[in-house]
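For clarity, every value in this text was computed on a predicted model and none was experimentally measured. Remember, it's 1-based here, ligands and their atoms both numbered in the order they're listed. In this chain, numbering begins with 1 at the start of the sequence shown.
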Amino acid sequence: THFGFRDVPVAEKKKLVGEVFSSVARQYDLMNDLMSLGIHRVWKRYFVGTSGVKRGDRVLDLAGGTGDIAALLHERVGETGSVVLGDINAQMLGVGRDRLTDRGLVRGLEYVQLNAEALPFPDASFDLVTIAFGLRNVTDKAKALGEMHRVLRVGGRALVLEFSEVKPAWFRPVYDFHSFQVLPRLGKLFANDAGSYQYLAESIRKHPPQDELKAMMETAGFGRCDYRNLSAGICAIHSGYKL
Ligand code: SAM
C-alpha cells in the first residue's frame, strides 16, 4: 500500500483512510494502549471531564470509533440524555457498538455511519459536539468544523481532542524517535501492519498546530475559542462555543 497521502487525489485519499481504519479496527484498542503506555485513557477521561456535559444533554461524538469517548459521555448524560456515535467506517462503528452493548450500555446511545464533512442532522440538534483523534483524518477540516458549528444549538460547545505540536525543544527528538522508530515497529509486531502506523506519525506532523487550529475554529464561526495542552503538547483540547 502507498501511504504518501500528500500526492494522492482526494477521492482516493478517502478510500485509503477507510482502509487504514478497517485494517486496524480490531487491534485498535490494544495499539492505543501500547503506543501511549495507556495514557490515552487519561487524556480521554480528562477531555470528557472538562466538557461541562450534564444529565439530559444531547451529544454528538464524531469519529467516535470504538466508543471510548461515547462511553465516558454516556456516564455523564445518563439515560435521559443521548449520545450519538458517528463514524465514517462501518467496522469501527461495529466494534464500538459491540463493546458498549457488551457493557450493558444501550439506552441513550445511537450509532450513525457518517462523514464529518456532511452531517445528516438538522441545525441546532446538539448541546455538545466532540471529536477525539478524528479531525486529523478528515480531508476537509474547515468543512467539518463548519458542520459541527451548524448542528450545535446556540450556547452549545465543540471540543476537539487531537495530537498537536510538542512544545519543549528537548522533548522533540525523543518524540520523533518514538513516532518514526518505535510506532512502526509496534505496528509490525502487534498488528502486522507497519504502514498504518507510519501514516499515523505522518498525519500527526501534518495536522495544524495549536494556534492554527484555534484560528480555523474562529473562521468556522466559533466564539470564545481556546485550547489547553496535555502532556507537553502531545495532545491539545480545543474548545469553542456557538454564540
Ligand atoms: N474517537 C476514537 C478514539 O478516540 O479512540 C477513534 C479515533 S480513530 C484514531 C479515528 C476515527 O476517525 C476512525 O474511526 C475513522 O473511521 C474516523 N474517521 C476518519 N475520517 C472520518 C470522517 N471524514 N468522518 C467521520 N469519521 C471519520
Exercise. Just jot down the ligand 1 atoms closer than 4.0 angstrom to any heavy atom of L114, in number order.
Key: 24 (N), 25 (C)
Exercise. Under 4.0 Å from a heavy atom of M92: give me the atoms of ligand 1 that qualify, with their elements.
Key: 14 (O)
Quiz item: Any ion pair linking D176 and R205 (charged N to carboxylate O, less than 4.0 Å)?
Solution: yes
Quiz item: So, R153 and D127, do they make that salt bridge, N to O below 4.0 Å?
Solution: yes
Exercise. Run the numbers for me: atoms of ligand 1, each under 4.0 Å from some heavy atom of G65, listed by number.
Key: 6 (C), 14 (O)
Quiz prompt | Under-4.0 Å heavy-atom contact with ligand 1, by part of K44 that carries it | solution = side chain
Quiz prompt | side chain to side chain donor-acceptor pair (under 3.5 Å) between Y46 and R228, worked out | solution = CA-CA 11 Å; Y46 185 82; R228 180 183 298 213; 2.4 Å; yes
Quiz item: Taking the minimum heavy-atom distance to atom 1 (N) of ligand 1, which of G134, A90, A63, A116 ranks first?
Solution: A63
Practice problem: Report yes or no: does T66 have a heavy atom closer than 4.0 Å to ligand 1? | Solution: no
Quiz item: Would one find an N or O of A132, backbone or side chain, under 3.5 Å from an N or O of ligand 1?
Solution: yes
Quiz item: Between E165 and K167, is there a side-chain N and carboxylate O pair less than 4.0 Å apart?
Solution: yes
Quiz prompt | Test: D102 and R99 ion pair at under 4.0 Å | solution = no
Quiz item: What are the two closest non-hydrogen atoms of M148 and A158, and how far apart are they?
Solution: CE-CB, 4.0 Å
Quiz item: Should you measure from each heavy atom of F133, which atoms of ligand 1 turn up under 4.0 Å away?
Solution: 4 (O), 7 (C), 8 (S), 9 (C), 10 (C)
Exercise. Using a strict 4.0 Å cut-off to heavy atoms of N115, name the atoms of ligand 1 that fall inside it.
Key: 22 (C), 23 (N), 24 (N)
Practice problem: Establish, from distance only, whether the side-chain atoms of D226 and S239 form a donor-acceptor pair under 3.5 Å. | Solution: no
Quiz item: What atoms of ligand 1 come closer than 4.0 angstrom to any heavy atom of N89?
Solution: 16 (O)
Exercise. Show your reasoning for whether side chain to side chain donor-acceptor pair (under 3.5 Å) applies to N229 and Q210.
Key: CA-CA 8 Å; N229 288 323; Q210 285 86 337; 2.8 Å; yes
Quiz item: N/O to N/O below 3.5 Å, does that happen between N32 and ligand 1?
Solution: no
